[in-house]
Amino acid sequence: MYGNTIIEIPGDTDFDPVKTFECGQCFRWNADKNGVYTGIASNRAAKVWRENKSVFISCAPGDYTGFWRNYFDLDRDYAALRNQLDTGDYLKKAVEFGTGIRILRQDKWEALCSFVISQCNNIMRIKKIIEALAKSFGKPITFEGQTLYCFPEAEDIAVLTPADLDQIRCGYRSEYIIEAARAVSSGILDLDRLSKTGYKQALTELKSLKGVGEKVANCVILYGLHIHEAFPVDVWMKKALSAHFADDFRPESFGKAAGLAQQYIFYYTRSGNL
DNA sequence: AAACAGGCCTAAA
DNA sequence: TTTAGGCCTGTT
């Protein structure tokens, strides 16, 4: 089946593809020399780009309303969320800088696996490892003339041994990946259920996995379970928080805008604005 | 060459 | 409850 449809999302400053893909929340969107992003999620591929004031999405017929609209979180009112964050000069600047970021509604297992891989790694290597994982164990699909590889299912990883993962060069994370895959595929860890049990419960259960600590768990909760109270704190966030927030700052004070606030602050800091 | 990269685990106070 | 060292690997 070929002949993709192109969807135009007009005049929406709340969706900036570059910021959304480059703010560190995802690893499988890559731009070509024209700034057109190709990505793959939940066994579907798409191209996304900005042209004048619009964002365009090229995808299989039906996939926009059936999938990408939700993936890009297009039904959430980001302006309303930002209104909860106009406190303090620093945060205002970060918010202004990051406006256009959308928190992607990523696949739960993919988020878990990806952020286990992310620990103590730089983004380039994270991407390389994930691509190798997909190429080695994921299903190939053809999209607009190129072959892309789906993220492997938990079931496909659960049957492997650490030695099988040597080829993807993920180092000591291999046993973490396999344990997580087994927990998910066996049903011991039910990510769909966790997305409904609330932040605290999700945090506790995710952290029970070997190789999943506070930071990785919060990434999984935000990007995979779509619970916006999550507030991942990595080394960059620690720097930003200690430089610009009171010692007794608590992310809960941001409520359901906490996850987005974190993303604005992280992106602002990583872009050289500590 | 040595240090570091979007942490986490374990052991030890 | 907090802290130090070690961990795979690739890059600078």
Side-chain angles (χ1 to χ4, degrees), chain A residues 18-30 94 97-98 101-104 106 110-137 151 157 160-184 189 202-225 227-228 230-245 247-248 250-251 258-274:
Chain A
V18 175
K19 293 182 189 176
T20 297
F21 296 138
E22 305 295 346
C23 72
Q25 63 177 321
C26 59
F27 305 107
R28 301 210 68 198
W29 288 91
N30 296 295
F97 185 81
I101 291 175
R102 305 196 75 84
I103 306 286
L104 300 173
Q106 299 182 243
E110 178 175 343
L112 171 57
C113 188
S114 296
F115 283 94
V116 164
I117 290 170
S118 80
Q119 66 184 93
C120 204
N121 258 164
N122 56 55
I123 294 196
M124 197 170 56
R125 181 149 93 111
I126 298 167
K127 285 181 147 188
K128 269 188 190 166
I129 291 171
I130 291 173
E131 277 317 300
L133 182 71
K135 198 163 185 177
S136 300
F137 305 106
F151 197 88
I157 304 303
L160 302 178
T161 65
D164 295 320
L165 289 180
D166 283 351
Q167 57 185 301
I168 72 169
R169 315 297 291 160
C170 63
Y172 63 85
R173 302 161 193 80
S174 58
E175 59 179 287
Y176 301 158
I177 292 170
I178 291 169
E179 181 188 319
R182 290 178 179 167
V184 169
L189 185 70
L203 188 66
T204 302
E205 291 199 33
L206 284 167
K207 280 172 70 176
S208 73
L209 292 173
K210 201 169 171 188
V212 177
E214 193 78 20
K215 190 270 178 180
V216 168
N218 271 278
C219 287
V220 177
I221 293 170
L222 180 57
Y223 308 126
L225 305 186
I227 296 173
H228 278 230
F231 193 86
V233 177
D234 68 337
V235 290
W236 293 97
M237 283 299 291
K238 274 184 190 143
K239 288 182 200 170
L241 291 177
S242 68
H244 300 289
F245 289 80
D247 291 341
D248 62 349
R250 293 288 171 274
L260 185 60
Q262 176 273 155
Q263 208 62 46
Y264 288 144
I265 295 165
F266 178 79
Y267 183 58
Y268 191 55
T269 301
R270 282 306 311 269
S271 302
N273 303 290
L274 181 61

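All chains are named by letter (A, B, ...) in the order of the sequence lines, taking the proteins before the strands, and each is independently numbered beginning at 1.
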Any donor and acceptor pair, going by atom type alone, linking the side chain of [X] with main-chain N or O of [Y] inside 3.5 Å?
| X | Y | value |
| --- | --- | --- |
| A:Asn273 | A:Tyr268 | yes |
| A:Lys215 | A:Phe115 | no |
| A:Arg125 | A:Arg169 | yes |
| A:Gln167 | A:Ser136 | no |
| A:Arg102 | A:Thr20 | no |

Measure the distance from [atom1] on [X] to [atom2] on [N] and round it to the nearest whole Å.
| X | N | atom1 | atom2 | answer |
| --- | --- | --- | --- | --- |
| A:Ile129 | C:dG10 | CD1 | C1' | 9 Å |
| A:Arg125 | C:dC8 | CZ | C1' | 6 Å |
| A:Leu165 | C:dC8 | CG | C1' | 13 Å |

In whole Å, measure the gap between the [atom1] atoms of [N] and [M] for me.
| N | M | atom1 | value |
| --- | --- | --- | --- |
| C:dG5 | B:dC4 | P | 14 Å |
| B:dA11 | C:dC8 | P | 15 Å |
| C:dT3 | B:dG6 | P | 23 Å |

Next item on the list: State, to 0.1 Å, how close A:Leu112 and A:Val220 come at their nearest heavy-atom pair, and which atoms those are.
Entry: CA-CG2, 3.6 Å
Next item on the list: Between protein and nucleotides 6-13 of chain B, map the contacts as a letter string: B base, S sugar-phosphate only, - none, heavy atoms under 4.0 Å, written 5' to 3'.
Entry: BBSSS---
Item checked: Worked check of side chain to side chain contact (heavy atoms under 4.5 Å, CB included) between A:Leu133 and A:Leu165 -> CA-CA 8 Å; A:Leu133 182 71; A:Leu165 289 180; 4.0 Å; yes
Notebook entry, point to check: How would you label the contact of A:Arg169 with the nucleic acid (heavy atoms, under 4.0 Å): base, sugar-phosphate, or nothing?
Noted result: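 The residue A:Arg169 makes sugar-phosphate contact but no base contact.
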Margin query: Heavy atoms only, 4.0 Å cut-off, all strands: where does A:Met124 land among base, sugar-phosphate and nothing?
Written below: sugar-phosphate
Notebook entry, point to check: Using a 3.5 Å cut-off on both pairing distances, which stems of three or more Watson-Crick or G-U pairs include DNA chain B?
Noted result: B:2-5 with C:9-12, B:7-13 with C:1-7
Check: About how many Å separate OH of A:Tyr223 and CD of A:Gln106, when rounded to the nearest 0.5 Å?
Finding: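 So the gap between those two atoms works out to 8.5 Å.
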Check: For C:dT9, does OP1 or OP2 lie under 4.0 Å from any side-chain N or O of A:Lys128?
Finding: no
Tabulate protein N/O versus nucleotide N/O from nucleotides 2-4 of chain B, keeping only pairs under 3.5 Å, one per line.
none

